[in-house]
> 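If you scroll down you'll find the structure; I have some questions about it.
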Amino acid sequence: MEDKKLIFSAIQPTGTFTLGNYIGAVRNWAPLQNDYNCIYCVADMHAITVKQEPAKLRQNILNSYALLMACGIDPEKSILFIQSHAPTHAELNWILCCNTQYGELSRMTQFKDKSQKHPDDINAGLFTYPSLMAADILAYNADLVPVGVDQKQHLELSRNIAQRFNQRYGDFFTLPEPYIIDVGAKVMSLQDPTKKMSKSDENPNACILILDGKDTIVRKFKRAVTDSEAEVCFREGKDGINNLMTIYSVVTGKDFASIEAEFAGKGYGDFKLAVGEAVADHLEPVRTEFARLIADKAYLKKCYTEGAERAMRISTRTVAKVYHKVGFVDLK
Ligand code: ATP
Ligand code: LTN
């Protein structure tokens with residue numbers, strides 16, 4: 001790999017990506033391939049911190065891999081792999097768990113949210129989720145981690161774990177920085193614009209899936225919750241409209257002032273229809289490319305096999321050095 005800064009990011013294969021995953025994270029990943037060395041991963045081990053049906057999970061993992069490619073990640077330019085194919089992540093996770101405090105993990109909002117959502121299955125994996133995430137990043141000594149704003153707290157914990165390890169065993173890990181793009185860092189639910197749009201929302205009208213067809217997308221936007229005014233403008237308190245304006249701005253490239261001018265004197269109905277159509281048109285090439293890729297299982301397998309080999313080549317060296325540093329006996 002050339003001497004450029006290293007980017008690492010991952011996404012859980014817990015379902016089809018939402019417009020939130022796309023705008024807040026994945027759409028930013030492809031352009032980064034030009035300026036950085038990039039490593040992207042389908043975080044299947046993280047996905048089982050919440051109950052998954054095995055056959056469905058296997059399908060979601062492959063779909064997620066193909067979707068990342070459909071969103072422009074080129075497996076020749078970047079390392080694109082499936083987390084469980086690199087056992088080094090689980091190995092490093094153990095060492096990092098032993099350098100992570102109970103108190104730190106208890107403060108994670110994602111843990112609190114997910115324990116509330118699944119009170120019958122507050123498992124140890126869900127609790128130590130951030131330590132595995134730190135292992136993902138630190139196994140490659142990544143400099144930058146592009147994520148949506150909801151992952152910032154996890155990244156800060158990754159930095160703290162790396163810092164603690166460095167203090168205890170001597171400087172080794174690079175301290176990773178979050179890389180968060182301002183516009184669209186948090187896309188909100190279409191049904192409750194105070195909540196983030198999430199794959200696991202029970203209400204199908206709350207989120208746009210990036211493989212939804214045009215009619216479905218337009219229908220969901222038509223039903224989006226807004227407010228009782230009739231003015232398309234970005235203002236505090238207008239959560240629903242602010243969210244739609246952000247989405248429209250990202251997919252059309254227009255700024256808020258020109259959006260306000262475009263819809264001056266028009267009602268929310270016109271605006272919602274325009275947002276729906278713009279989003280559907282923007283996602284059309286992703287849908288087409290996904291259909292092509294998912295039909296070619298042999299090519300996908302070739303890509304993820306090579307991705308795993310390349311990921312292992314780097315992370316095996318990290319784990320060997322870490323094992324040595326903590327005082328384990330070298331096996332060669
Ligand atoms: P789940 O519902 O299973 O918890 P999720 O939809 O929250 O999943 P993740 O797999 O946890 O998605 O996140 C993948 C990436 O998408 C992360 O970088 C995360 O920050 C980003 N992301 C998720 N939801 C949003 C959102 N609503 N707006 C912006 N970015 C988001
Ligand atoms: N927790 C992340 C997914 C994830 C991740 C990572 C992101 C797992 N490992 C490493 C960045 C770096 C999420 O998006 N929910």
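Predicted, not measured: the structure shown is a model, and the values here were computed from it. Counting convention: from 1, in listed order, for ligands and their atoms alike.
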> For ligand 2, which atoms, with element, lie under 4.0 Å from some heavy atom of Gln12?
15 (N)
> Among Asp150, Leu19, Val50, Ile180, whose heavy atom sits nearest atom 20 (O) of ligand 1?
Asp150
> Using the six-membered ring of Tyr268, assess whether NZ or CZ of Lys272 lies under 6.0 Å from its centre and within 45 degrees of the ring axis.
no
> Taking distance alone, with N or O pairs closer than 3.5 Å, would you say Val187 contacts ligand 1?
yes
> Check ligand 2 against Phe8 and write out every atom of the ligand that is under 4.0 Å from a heavy-atom position of the residue.
10 (C), 12 (C)
> Is Lys214 paired with Asp281 through a side-chain N to carboxylate O contact shorter than 4.0 Å?
yes
> Do Gly20 and ligand 1 have an N or O pair less than 3.5 Å apart?
yes
> Mind checking whether Thr14 contacts ligand 1 via backbone (N, CA, C, O), side chain (CB onward), both or neither, at a 4.0 Å heavy-atom cut-off?
side chain
> State whether a side-chain donor-acceptor pair under 3.5 Å links Asp136 with Gln83.
yes
> For ligand 1, does Met188 get within less than 4.0 Å through its side chain, its backbone, both, or neither, judged by non-hydrogen atoms?
neither
> What are the atoms of ligand 2, with element, lying closer than 4.0 Å to any heavy atom of His46?
8 (C), 9 (N)
> Does any N or O of ligand 1 fall below 3.5 Å from an N or O anywhere on Gln151, backbone included?
no
> Counting both backbone and side chain atoms, is some N or O of Gly148 under 3.5 Å from an N or O of ligand 1?
yes
> To check your reading of the model: name the closest protein heavy atom to atom 5 (C) of ligand 2, its residue, and the distance in Å.
Ala10 CB, 3.6 Å
> Would you say Met197 and ligand 1 have an N/O pair spaced under 3.5 Å apart?
yes
> Over 60° means perpendicular and under 30° means parallel, so classify the ring planes of Tyr36 and Tyr179, tilted if in between.
perpendicular
> Would you check if there is a donor-acceptor pair between the side chains of Asn21 and Thr18 at a distance under 3.5 Å?
yes
> Counting non-hydrogen protein atoms only, what is the nearest one to atom 11 (C) of ligand 2? Give residue, atom name and distance.
Val145 CG1, 3.6 Å
> Please tell me whether Asn243 and Thr246 have a donor and an acceptor in their side chains that are separated by less than 3.5 angstrom.
no
> Can you see which heavy atom on Ser131 is nearest to which on Asn93, and at what distance?
OG-OD1, 2.7 Å
> Polar contacts were defined as any N/O atom of the residue lying under 3.5 Å from an N/O atom of the ligand; does this apply to Gln151 and ligand 2?
yes
> Tell me which protein heavy atom sits closest to atom 1 (N) of ligand 2, plus the residue, atom name and distance to 0.1 Å.
Tyr129 OH, 2.5 Å
> Between the candidates Lys114, Lys195, Lys152, Lys117, which shows the shortest non-hydrogen contact distance to atom 4 (O) of ligand 1?
Lys114
> Classify the angle between the aromatic ring planes of Tyr65 and Tyr304 as parallel (below 30°), tilted (30 to 60°) or perpendicular (above 60°).
perpendicular
> Closest non-hydrogen protein atom to atom 15 (C) of ligand 1, residue and atom name please, with distance?
Ala25 CB, 3.7 Å
> Under a 4.0 Å threshold between the charged nitrogen and the carboxylate oxygen, would Asp120 count as salt-bridged to Lys51?
yes
> Taking 4.0 angstrom as the limit and counting only heavy atoms of Val147, give me the atoms of ligand 2 inside it, by number and element.
7 (C), 11 (C)
> Go through the side-chain N and O atoms of Asp44 and Ser84 and say whether any donor and acceptor fall under 3.5 Å apart.
yes
> If you have a sec, work out which protein heavy atom is nearest atom 9 (N) of ligand 2 and how many Å separate them, to one decimal?
Asp136 OD2, 2.6 Å
> Please answer whether the main-chain N or O of Cys207 pairs with a side-chain N or O of Lys220 as donor and acceptor at a distance below 3.5 Å.
yes
